[in-house]
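Down below is the structure, laid out as structure tokens.
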2 protein chains.
Amino acid sequence: MNTLFKALNDPTRRQILDMLKEKDMSAGEIADRFNISKPSISHHLDLLRQAGLVISVKEGQFINYSLNTTVLDEVLTWIVQLTQTNK
Amino acid sequence: MNTLFKALNDPTRRQILDMLKEKDMSAGEIADRFNISKPSISHHLDLLRQAGLVISVKEGQFINYSLNTTVLDEVLTWIVQLTQTNK
DNA sequence: TAGTTATTTAGACAAATATCTAAATATTAT
DNA sequence: ATAATATTTAGATATTTGTCTAAATAACTA
């Protein structure tokens, strides 16, 4: 839960998730869309991976990233539960 | 969106929201349930208030806090949109 | 009015975070 | 084998964040 919210708490990372929603992309392809160095993007991708929000698969010299939204269920459930009135 | 995720990215603040779901509480009442100084809790409450997640009403010498979940719609919508497959 | 209670503001500090450049690793191509 | 390409790892640095104590503000109470 913590790792998840941590991963979501950055505009660049949220934008990466939005991009991966459209199509799978390699690390370099993702990095090219930002004015941020490749190592920094690599670090963001690592955090997203740690949170389970993306899955990385090595294909030759590329590493392809894809979105994994199943882990968001936990967040969704928490928010919905909070929204349901108890008073 | 940023302020919102920022506010949610802390276990203490999320716990405060969970507590406020049960009933409205004063700042001191909230602080009493944590092993954290009152000024620190006051700061957490301020961040939650800035994000619109809580509403504070002064009543005499007390300040009562209540949950406001309407602002979570934005987050909810974003997550759901991300979850809906596009590929 | 003086003291007590509730809460915040101010200022300091350590830890976490986002970023960078340089170097390392791994794969493909010549 | 060498060079080029894709990505990560390492290490440094500035900023942000969570926490603290001390002081300020505001509202009750005797």
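Reminder, nothing fancy here: chain letters follow the sequence lines and each chain counts from 1. Below, each value reflects all heavy atoms present in this structure, side chains not excepted, and no hydrogens, waters or symmetry copies.
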>> Using whole Å, what does the distance between atom P of nucleotide dT5(D) and atom CD1 of I63(A) come to?
In response: 18 Å
> Can you tell me how far P of dA27(D) sits from CZ of F62(B), to the nearest Å?
Replying inline: 13 Å
>> If hydrophobic clusters are built by linking Ile, Leu, Val, Met, Phe, Trp and Tyr wherever their side-chain heavy atoms come under 4.5 Å apart, do V71(B) and I55(B) end up in the same one?
In response: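 No.
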> Is it true that I41(B) and L47(B) fall in one hydrophobic cluster, defined by side-chain heavy atoms closer than 4.5 Å?
Replying inline: no
> Just the endpoints, please: which first and last nucleotides of DNA chain C, 5' to 3', lie under 4.0 Å from a heavy atom of chain B?
Replying inline: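 Answer, 5' to 3': dT5(C) to dT9(C).
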With no hydrogens and no angle check, is any side-chain donor or acceptor of [X] less than 3.5 Å from a backbone partner on [Y]?
{"X": "R49(A)", "Y": "Y65(A)", "result": "no"}
{"X": "T77(A)", "Y": "D73(A)", "result": "yes"}
{"X": "R14(A)", "Y": "L8(A)", "result": "yes"}
{"X": "S26(A)", "Y": "E29(A)", "result": "yes"}

>> Between S26(A) and dA6(D), is there a contact of a side-chain N or O with OP1 or OP2 at under 4.0 Å?
In response: no
> Could K21(A) and D18(A) be called an ion pair, given the rule that one side-chain N must be under 4.0 Å from one carboxylate O?
Replying inline: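 Between D18(A) and K21(A) there is no salt bridge, as every charged N stays at least 4.0 Å from the carboxylate O atoms.
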To the nearest 0.5 Å, what is the distance between [atom1] ([X]) and [atom2] ([Y])?
{"X": "T12(A)", "Y": "M19(A)", "atom1": "OG1", "atom2": "CE", "value": "10.5 Å"}
{"X": "I36(B)", "Y": "I30(B)", "atom1": "CD1", "atom2": "CD1", "value": "12.0 Å"}
{"X": "N2(B)", "Y": "N9(A)", "atom1": "CG", "atom2": "CG", "value": "7.0 Å"}

> Which sits closer to the 5' end of DNA chain C, I41(A) or S42(B), going by the nucleotide each is nearest to?
Replying inline: S42(B)
> What is the nucleic acid contact for Y65(B), judged by heavy atoms within less than 4.0 Å: base, sugar-phosphate only, or nothing?
Replying inline: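 Sugar-phosphate, backbone atoms only, no base.
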> Under the criterion side chain to side chain contact (heavy atoms under 4.5 Å, CB included), which of N68(A), L72(A), L48(A), T69(A) is the partner of L17(A)?
Replying inline: L48(A)
Give me, pair by pair, the N or O atoms of the protein and of nucleotides 16-21 of chain D that are less than 3.5 Å apart, along with how far apart they are.
residue : atom : partner : partner atom : Å
dT17(D) : OP1  : K6(B)   : NZ           : 3.2
dG18(D) : OP1  : D10(B)  : OD2          : 3.4
dG18(D) : OP1  : R13(B)  : NH2          : 3.1
dG18(D) : OP2  : R13(B)  : NH1          : 3.3
dT19(D) : OP2  : H44(B)  : NE2          : 2.4
dC20(D) : OP2  : S37(B)  : N            : 2.8
dC20(D) : OP2  : S37(B)  : OG           : 2.8
dC20(D) : OP2  : S40(B)  : OG           : 2.9

>> So for the helix from dT1(C)-dA30(D) to dT30(C)-dA1(D), with five pairs setting each end axis, what is the inter-axis angle to 10°?
In response: 10°
